[in-house]
Amino acid sequence: MDEPKAEEQSLNHLATRILVMNFASVQTTSTTFVHALYYLALRTNEYLEPYGLKETLRMHPVATLVVFRTTLKGYTFSNGTLIPKGTMVSVPTESAHYDQNNYQNAAEFIGFRYVDKSELEGGTSRRHDVVSTSGDFMSFGIGRHACPGKIFAAIIMNIMMLAHLVLNYDLKLEHEGVRPKDIYIGATRIPHPKAAIMLKKRV
Ligand code: HEM
């Protein structure tokens with residue numbers, strides 16, 4: 001609260017900042033969790049243990065465009081493409097996430113994909129962790145302005161929500177075997193808003 005400049009310390013400004021933070025944190029975490037839930041309900045036998053959230057985020061990035069920047073000077077790529085000064089540019093997540101050069105069977109959801117990759121490499125590197133960003137995983141953006149809430153979000157989703165559900169409930173989709181289709185609103189990708197999941201508390 002001490003950080004903003006004088007004119008931004010008004011209650012109005014501070015409240016607006018909190019609302020923006022709510023938007024950045026609540027909608028992203030809840031929609032990603034619903035994506036994971038759909039997979040859990042779809043393949044409940046396969047994923048009785050909490051599985052890597054990263055594969056869910058690879059296939060269903062909340063933002064299909066990240067790293068929005070406005071160019072301060074013109075730039076010409078080696079193929080002659082010119083980006084003039086003052087142009088807004090961004091990076092598409094899905095084309096990297098679904099690229100066969102980056103991922104084998106890229107269009108397929110393989111719940112333990114990153115867990116397996118990590119184990120193949122001896123399990124010591126952190127680069128397959130859900131919070132580790134790279135050119136082939138940009139669901140939390142990349143670079144200086146990558147999501148600062150990613151660790152918090154991963155902990156909430158993995159430990160508090162997924163683990164709790166897996167330990168205490170049996171799940172199934174209303175229409176078994178059919179994963180509800182995502183919808184797009186501009187550059188935002190969200191899980192199907194009306195699909196039903198049935199939950200039964202284990203006794
Ligand atoms: C699954 C959950 C989440 C996802 C998928 C997500 C995704 C993203 C993405 C894609 C960006 C833009 C990065 C870029 O353009 O390079 C971003 C930025 C941001 N996120 Fe998250 N986010 C999540 C949760 C959260 C949470 C829980 C918080 C806060 C507690 C948060 C706070 C922010 C903030 C403040 C920014 C702006 C950072 C900046 O511009 O420097 N996010 N997030």
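Along the sequence shown, the residues carry numbers beginning at 1. Counting starts at 1 for both ligands and their atoms, in listed order.
- Under 4.0 Å from ligand 1, the heavy atoms of M21 that appear belong solely to its side chain.
- Only the backbone of I142 comes within 4.0 Å of ligand 1, judged by heavy-atom distances.
- Closest approach of L199 and Y169 over heavy atoms only: CB-CD2, 4.1 Å.
- Of the candidates L53, N22, T28, the one placing a heavy atom closest to atom 3 (C) of ligand 1 is T28.
- The ring of H60 has its center closer than 6.0 angstrom to the ring center of Y39.
- Between R58 and Y98 the shortest heavy-atom distance is O-CE1, 4.2 Å.
- In terms of protein heavy atoms, atom 40 (O) of ligand 1 is closest to H145 ND1, 3.5 Å.
- The ligand atoms of ligand 1 that sit less than 4.0 angstrom from a heavy atom of V62 are 5 (C).
- The heavy-atom pair separating P4 from Q9 by the smallest distance is O-NE2, 3.3 Å.
- Between P148 and ligand 1, no pair of N/O atoms sits closer than 3.5 Å.
- Nearest heavy atom pair, residue D129 against residue K54, reads O-NZ, 2.9 Å.
- The atoms of ligand 1 that sit less than 4.0 Å from any heavy atom of F152 are 27 (C).
- Of all the heavy atoms of S139, the ones lying under 4.0 Å from any atom of ligand 1 belong exclusively to the backbone.
- Between S90, C147, G141, A36, it is C147 that holds the heavy atom closest to atom 43 (N) of ligand 1.
- Residue R144 has no nitrogen or oxygen atom sitting less than 3.5 Å from a nitrogen or oxygen atom of ligand 1, judged on distance alone.
- Scanning the protein heavy atoms around atom 4 (C) of ligand 1, the nearest turns out to be F140 CE2, 3.4 Å.
- Under a 3.5 Å cut-off, the side chain of T188 and the backbone N or O of A63 do not form any donor-acceptor pair.
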Q.
Under the criterion side chain to side chain contact (heavy atoms under 4.5 Å, CB included), I'd like the reasoning laid out for V130 against M157: C-alpha separation, chi angles, the key distance, then a yes or no.
A. CA-CA 11 Å; V130 62; M157 289 190 289; over 6 Å; no
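- In terms of protein heavy atoms, atom 15 (O) of ligand 1 is closest to V67 N, 2.7 Å.
- The protein heavy atom nearest to atom 30 (C) of ligand 1 is S25 CB, 3.7 Å.
- One finds a salt bridge joining E8 and R17 here, because a Lys/Arg side-chain nitrogen approaches an Asp/Glu carboxylate oxygen to under 4.0 Å.
- Taking every heavy atom of both residues into account, D136 and H97 meet most closely at O-CD2, 3.4 Å.
- Of the protein's non-hydrogen atoms, A24 CB, 3.8 Å is the one closest to atom 32 (C) of ligand 1.
- Across every non-hydrogen atom of T93 and L65, the tightest pair is OG1-N, 4.3 Å.
- Annotation: the span from E119 atom CD to D116 atom CG amounts to 6.0 Å, rounded to 0.5 Å.
- Each of the following atoms of ligand 1 lies closer than 4.0 Å to a heavy atom of A153: 2 (C), 24 (C).
- Residue contacts with ligand 1 for V66 involve both N, CA, C or O and side-chain atoms from C-beta outward (heavy atoms, distance under 4.0 Å).
- Close contacts of ligand 1 with M157, meaning ligand atoms under 4.0 Å from a residue heavy atom, involve 1 (C).
- Counting heavy atoms under 4.0 Å from ligand 1, residue T32 touches it through the side chain alone.
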